[in-house]
Amino acid sequence: MAFQPVDTRVNFPRLEEQVLDLWQRKQIVERSLESGNKPFVFYEGPPTANGRPGIHHAISRIFKDVICRYRAMQGYKIIGRREGWDTHGLPVEIEVEKKLGFSGKPDIEKYGVAEFNAQCRQSVWEYIQDWRQFTRRIAYWVSEDAYITYENDYIESLWWIFRQLWDRGLLFRDYKVSMHCPRCGTSLSDHEVSLGFKDDVDDPSVWIKFHVRETRHEALRGASFVAWTTTPWTLPANVALAVKPDATYVVVSHDGERLVLAEALVHSVLGDGVTVEHTFQGADLVGARYENLFDGVPAPGDTVDWSRAYTVVADDFVSLEDGTGIVHIAPAYGDLEIGRKYGLPTLFSVDLAGNVLPEFASLGFASKFFKQADPDITRNLKSRGLLLKSGRVKHSYPFCWRCDTPLLYYAKRSWYIRTTAMKDRLVANNLLIHWVPEHIRDGRFGNWLENNIDWAVSRERYWGTPIPIWMAEDGYAECIGSLAELEQKVGRSLKDLELHRPYVDEITWVDPQHGLMRRIPDVADCWFDSGAMPIAQWHYPMENAEIYELAKQADYICEAVDQTRGWFYTLHAIATLLFDRPAFKNVICLGHILDAEGQKMSKSRGNVVDPWSVMNEHGADALRWYLFTAAPPGSPRRFSAGLVAESLRKFLLTLWNTYAFFVTYANLDGWTPTKDGVDQHLDPATLVPIDRWALARLNSLVRDVTDAFEAYDVTTAGRAIEDFVDELSNWYVRRNRRRFWKSEHDRDKQAAYATLYTCLLTVAKLAAPFVPFVAEAIYRNLVGLEGHEGQTDAPESVHLAAWPQVHEALLEERLVADTEVLLKAVSVGRAARRAAGIKVRQPLRELWVRASTPAALEGLRRFEAELRDELNVKAVHYLDSAATLVEYRFKPNLRLVGRKYGKLVPAITAALRDLTGDAARAAAQAVEAGETITLTVEGRAIDLLPEEVLVESSSPEGYAVAEDGGVLVALDTTLTPELTMEGLARELVRNIQDARKDAGFAISDRIIVFLGGADGDAEVEATLRAWGDYVREETLADDLRLCAPPDHVHTTVLELDEGRALTIGVSRGGAETRPHGYV
RNA sequence: GGGCGUAUAGCUCAGCAGGUUAGAGCGCGAUCCUGAUAAGAUCGAGGUCGGUGGUUCGAGUCCACCUACGCCCA
C-alpha cells in the first residue's frame, strides 16, 4: 500500500475544493455533527443575511468553528451547531423601505402592513445563498437546520418569555424619555443610539435671559437668570430652571443689565468688566419665579398643574463645567426625571415627527423640523431682548444609526423589562463567565452591568415579534404566553395565524369586566429575539424539553466586541432574569478587523475586504490560519491579503513540504505504518536521541495545544503548532535526510520513518480544527484512505478522528532543553564562520564551545556528533575551567542575587568584575564544582552560590569567535591541505548536484560527470584521488571524466581561486556508458 | 466628560512572577546552506519600548499623570 504522490507545487484552493467534494460525497459534515456522546453546547449568534458576508464574518465564523471542531475531536457531541438567522428589526424594514422608496411610517401604513411585512420576510433571504456558499467554503461546519427568528414557533417561545417576565412583575409600561427618531417614528434602544453618536456636530449655542418675576430676595428684582442651551427648539417646552444647591451664584451688572449666574462661570460667559452686586447660595434661589419665554403645549388629555411651572429648582445634577450653572429644564425632551422629582408639568414644543407644534403658528415657526426651527426661535428671542448672546458649538449629538436623522429626546409611553431589579444578579452571574480576553469581564461588560438601566423592549414598528400584551380601554392588560392561551381567549383555533402584524392585531376578545381587549401595537426589540435564542431556537417549552435541558446553558459562544451591549448582554439579561444563571460559560470576544489604514471595516465605509478573493487566491485554510495566529482574537488587527500569503508560506507550505518529503521517500522505500500503529518502532529505549527529541517535542506540543484550547486561547495553540512544524522541517528532517536516503532498510531507517510519520499524523490532527482542508488531505493520505478504500480501520476523516493524547513516557524535558542549547551553538557557530569568511562546506579542524551552565555544556556533549556535523568540524572541545586558554569574567545572576541582596547588587557586581587572573580561574572552578565563592563586599563577606554567578569567558587567541545567549563558539580556522581537499570535494558534489538539478535529472538517475579544465590541476587531481568515491557516491555518478564535456551535455562553471575554473558537465549514464574508471 | 483597551523595528507581532546585550517573522542588502521546501541559516541597515514623573540596587514590564488611536458609555 503506497501513499498517493504529493506534489510540492500544491494549489491549495483547488485542493480545498476537492476536499469539499469529498466531505459532501462521504457526508463527513453530517457525520461529524452527529458524532460524540458528551454534550458540548454552542450558541450560534444569528447574523442578518441581508448583506454579503465580509471578512469580519469570516473571523467570527472560524473562531466559532475551531472550538467546536476541537471539542468534536475530543468526543463531544456539539449541541447547537446549526445556522441561525436574525430576521426581524429596523435594519430589515429600512432595507425594504429603501427598495420601495419610502420615507417613513406613513408610507408603510399606506402601502399596507401585511404586504410590507411580506416584503421584509422575503428580503432577509436575499443573500442567503451567498452566506451558505461562504459558510461551506470557509468550512464553518453547521447544520442548515436553521433557527429563524420570524417563525411562529420561535415567536411563540418569545411570548412565553414575555409571560414569564410579566408574571414576575418585570415587564412594565412607563413614561420615559427615550431617544426618538422622527423619521423612523420609533424610539431607539440604547445600543442603537450608541451606534449613532457623532462628534463635532455643529449646533447653535445660545445664552437666554429669563426675567425674574417674583422673588423674596430684593437683590434679584429686575434681574434675569442666564441659562445656556444648544437646543433652542426645546425652549418653548421650558418649565423650570435648575441650580446647584451648594454652588455660589452672583448677581452682576453687565451692559446695564443685571444678570444671575454661577460665580464660577461669570468670566467664561461675560468676560471681564462685570461688577458683582450680590451673592447667593444656589439653594437660596429656589422658588424664585420667572417670566416664561413661550407658552408650552401640554399633551392632549393631560391635566397640567401649573403651580410649580417657571420656577427655580435646585438639584445636584447641575454641573459647573460649562454653561452658566443654571440649567433650562424641559421634561418632555430629556429632563423627565427632574420634572417628576419637582412636580413640574410636561410641556411639548415639537411632535413625534420632529415638527414644531401648530400652536406656535403665530410665532412663525410652526410645522418646521425642529433643527430648522432653531434659528427662528433664536431670532424671536433676540427681537424680544431675551437673547444674551449666541454662537455655534461643536459637540457630540446622537443621530439615527440607520437613517442619519438627528434624534430627539422625547417622553413617550413604552414597555420596559425591569433589568435593574436583578442588577446584582447580573453582576454576580457575570463573574462566573470566562471571558477571552479577560478584561472584558470586569471592564467593558462589567461596567455596563454596573450602570444597568431598564431595557426598553418595545418598538413602534411593524416587522418584529408582536409583544403579546392585550389591553382594554381602561388600561387593564393581560400578557399571553402561548398560542393555546390565545386560542382559549378567542375560543377558536389559530393554527393558521401568522404571528406578525397585522394578523395578530386583528385578534381581539371581549373581557367581561373591561370590555374589548386589543393588542398593543408595539413589536419587540430584535435584540430580544436573539437574546432569547437559547430558549426559542428549540421552541421551548412547547417542544423539545429534552434537548433544551441539555442546551440551556452554552459552553461556548463567540462574537465581536460590539456585541457587549448587544447579544452578549441580551443573552445574559434574559438568562439571569428568568433563571438566575449565566447564559454562557466561555466567550471569545473578537476585536474588529481593520482595513490596511486601520479603519474599521463596515458596509457604510465601503472598505470591506471580500473574503472570497482571499480564499480564491490563497485558500480558506491560509485565511483561517492567518486569522487564528496573527494576533490574539481580542485585539483589533489590520488586514491585508499579503499577510495571508505570508502566513501561507510560513506555515502551510512548510508543513506541506515536510509531508511531501516523507511521502516521496516512504514510497521509494515502500515504507508503510503497521496496521495497529507504529508504536513498536517508538520505544524510547531503542531510539536515537534525535528521534526521542522529535517525539518529546511532539508530545509537549500535544500537551501545550490542548492546554491552550482548554483556556480558549486559540492563538497560542496555533502558534505552538507553527513553531513545532518549523523545527520539524528545519531541524529534524534536515538533520535526518541521510537516514531516509540510505539504501539499507535497517532498524534506524524504520525508526526515522516511524518518528516522522507519527509527527506528521499527530500534527495533522492538532491542526485539523484550524486548517480543516490541509489537515484532511494529509491525514487521509497518511492513514491510507486515499486510493485504498476499505483497507484501513482509520476514521474516514481527520475530523472524525480522536484528539491526540499525551504520551507521558515520551516527554523528555531535559532532551528538549539540551537540543535548544545545541541549536543555539549551531547558530553561534555559523556566525563565527561567517565572521571568519569560511563557508560551512569547508571542513575545519576543531572548535571550542562554552555554555552558560555546566548542565548546558553537558547537553552539548550529548549532541557532539550533531554539532560537529552541522558546523563541519573534525573535533569539538569544551571550554570548562580546566581550559587555560581563556580569561574569565563574572556577573551576578540578578534574578537571584537581586532579591537576596538588594542594595548590595552594584557592589557585588563590581566585586565580581574585579576578579582576574588566578582568582578568576579559581572562582570559575569553584562554580563548576558547585561550590560557593566568597567575596568581600563593603566590608562583609558574602558567599555566592554557584547558581548566583554567571561565568563568561573570553575568546581563545587566534580563533574565530561568536557568542550569544551564554553560548560561545570558537573555531580553529587553520586550513591543512587535507581539509582544503575535503572542502573542494564537497564543493564539487554541491556543484554537480546543482547541475543535475538544472539538467532536470530525476533524483535516482545515474550520471556521468565531465570535469573540463581539471586535467593537470594538481589540487583537483589529488582531491579526486582521495575523495573520488565520495563524490561519485553522493552524486550517483558512474564515472568522473577529466575532460571537457561533450557539446550536448548540461554544464555549469565552478570558479576556484586564482582564476582557475572547472567546467562541470553532466549527462545521464546508462548501460552503453559503462564506467571505465578514472583512477 | 467617563469607562475599557491599545501604543515595542518600515509592516505584523512576542516579551505578563521587574533582572544581565529588547526579540521573531515579513520586507531590503550581502553572504551561506540545500537533490523535500515557494524553504532555511548568518551578517547588516532599521528601536529615545508613545511622553513625563515616581517606586526600586535595577523598569519595555509596577504606580501616577499626560498624549494619540480604537471601542463603549454620556
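This structure is a prediction, so every number in the text was calculated from the model and none was measured.
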Quiz item: Is it true that His618(A) and Tyr626(A) have ring centroids separated by less than 6.0 Å?
Solution: no

Quiz item: From Phe651(A) CZ over to Phe724(A) CZ, what is the distance, rounded to the nearest 0.5 angstrom?
Solution: 11.0 Å

Quiz item: Rounded to whole angstroms, how far apart are CG on Asp442(A) and C1' on C72(B)?
Solution: 16 Å

Practice problem: For A22(B) versus A30(B), give the span between their P atoms, rounded off to a whole number of Å. | Solution: 28 Å

Self-check item: A36(B) OP1/OP2 closer than 4.0 Å to side-chain N/O of Arg737(A)
Solution: yes

Quiz item: Any idea which of C72(B), A17(B), A36(B) is nearest the Asn657(A) side chain?
Solution: A36(B)

Self-check item: Upstream residue (5' side of RNA chain B) when Pro892(A) and Ala660(A) are each assigned their closest nucleotide
Solution: Pro892(A)

Quiz item: Of Tyr757(A), Tyr665(A), Tyr753(A), which is the lone residue that meets ring pair (Phe, Tyr, Trp, His ring centres under 6.0 Å) with Phe740(A)?
Solution: Tyr753(A)

Quiz item: Out of C32(B), C4(B), C57(B), which has the shortest distance to the side chain of Asn447(A)?
Solution: C4(B)

Exercise. Report yes if a side-chain nitrogen or oxygen of Tyr659(A) is closer than 4.0 Å to either non-bridging phosphate oxygen (OP1 or OP2) of A36(B); otherwise report no.
Key: no

Exercise. Would you kindly give the CD-to-C1' distance between Glu870(A) and U34(B), to the nearest whole Å?
Key: 12 Å

Self-check item: Distance, C1' atom - from G19(B) to U61(B), rounded to whole angstrom
Solution: 11 Å

Quiz item: CZ of Phe662(A) versus P of U37(B): gap in Å, rounded?
Solution: 17 Å

Practice problem: Between A38(B), U37(B), U34(B), spot the one nearest the side chain of Arg986(A), thanks. | Solution: U34(B)

Exercise. Take atom OH of Tyr626(A) and atom C1' of U12(B), then tell me their distance rounded to the nearest Å.
Key: 6 Å

Exercise. Could you work out which one of U20(B), G40(B), C13(B) sits closest to the side chain of Asn730(A)?
Key: G40(B)

Self-check item: Pairwise 5' ranking along RNA chain B for Gly443(A) and Gly902(A), keeping only the more 5' one
Solution: Gly443(A)

Self-check item: Secondary structure of RNA chain B in dot-bracket form (Watson-Crick or G-U wobble, distances below 3.5 Å, | marking inter-strand pairs)
Solution: (((((((..((((.....[...)))).(((((.......))))).....(((((..]....)))))))))))).

Practice problem: Taking only the side-chain heavy atoms of Arg719(A) (C-beta and beyond), determine which of U34(B), A36(B), A14(B) contains the nearest atom. | Solution: A14(B)

Quiz item: Contact class for Val663(A) vs. all strands (heavy atom < 4.0 Å): base, sugar-phosphate, or nothing?
Solution: nothing

Quiz item: Ring centres of Tyr659(A) and Trp656(A) under 6.0 Å apart?
Solution: yes

Exercise. Could you check how far CG of Asp726(A) sits from P of A41(B), rounded to whole Å?
Key: 7 Å

Quiz item: Can the ring centroids of Phe568(A) and Trp448(A) be said to lie less than 6.0 angstrom from one another?
Solution: no

Self-check item: Presence of donor-acceptor pair under 3.5 Å, side chain of Arg444(A) and base of C73(B)
Solution: no

Quiz item: Using atom C1' of each nucleotide, how far apart are A74(B) and C11(B) to the nearest Å?
Solution: 37 Å

Quiz item: For Ala631(A), which contact category applies under a 4.0 Å heavy-atom criterion: base, sugar-phosphate, or nothing?
Solution: sugar-phosphate

Quiz item: Separation of Glu727(A) atom CD from A41(B) atom C1', in whole Å?
Solution: 15 Å

Quiz prompt | Mutual orientation of the aromatic rings belonging to Tyr569(A) and Trp455(A) [parallel < 30°, tilted 30-60°, perpendicular > 60°] | solution = tilted

Quiz item: Which one, C13(B), U34(B), C73(B), comes nearest to the side chain of Trp448(A)?
Solution: C73(B)

Quiz prompt | Sidechain-backbone polar pair: Arg444(A) side chain, Ile440(A) backbone, donor-acceptor under 3.5 Å | solution = no

Practice problem: Classify the nucleic acid contact of Pro632(A) as base, sugar-phosphate or nothing, counting any heavy atom under 4.0 Å across all strands shown. | Solution: sugar-phosphate

Self-check item: Sugar-phosphate, base or nothing in reach of Val10(A), heavy atoms under 4.0 Å
Solution: base

Quiz item: For the pair made of CG in Leu894(A) and P in A17(B), what is the distance, rounded to whole Å?
Solution: 17 Å

Self-check item: Verdict with reasoning, Ile433(A) to His572(A), per side chain to side chain contact (heavy atoms under 4.5 Å, CB included)
Solution: CA-CA 10 Å; Ile433(A) 299 169; His572(A) 188 63; 3.8 Å; yes

Exercise. Round to the nearest Å and state the distance from Ile453(A) atom CD1 to C72(B) atom P.
Key: 16 Å

Exercise. Kindly say whether Val725(A) contributes a backbone atom to a donor-acceptor pair with the side chain of Ser729(A) at under 3.5 angstrom?
Key: no

Practice problem: State which of A39(B), G19(B), U12(B) makes the closest approach to the side chain of Ala630(A). | Solution: U12(B)

Quiz item: Checking all strands, does Thr909(A) fall into the base, sugar-phosphate, or nothing category for heavy-atom contacts under 4.0 angstrom?
Solution: nothing

Exercise. Among A36(B), U21(B), C33(B), find the nucleotide with the atom closest to the side chain of Lys891(A).
Key: U21(B)

Exercise. Could you work out which one of A36(B), C57(B), C13(B) sits closest to the side chain of Lys903(A)?
Key: C57(B)

Quiz item: The side chain of Lys650(A) lies closest to which of these nucleotides: C73(B), G25(B), G19(B)?
Solution: G25(B)

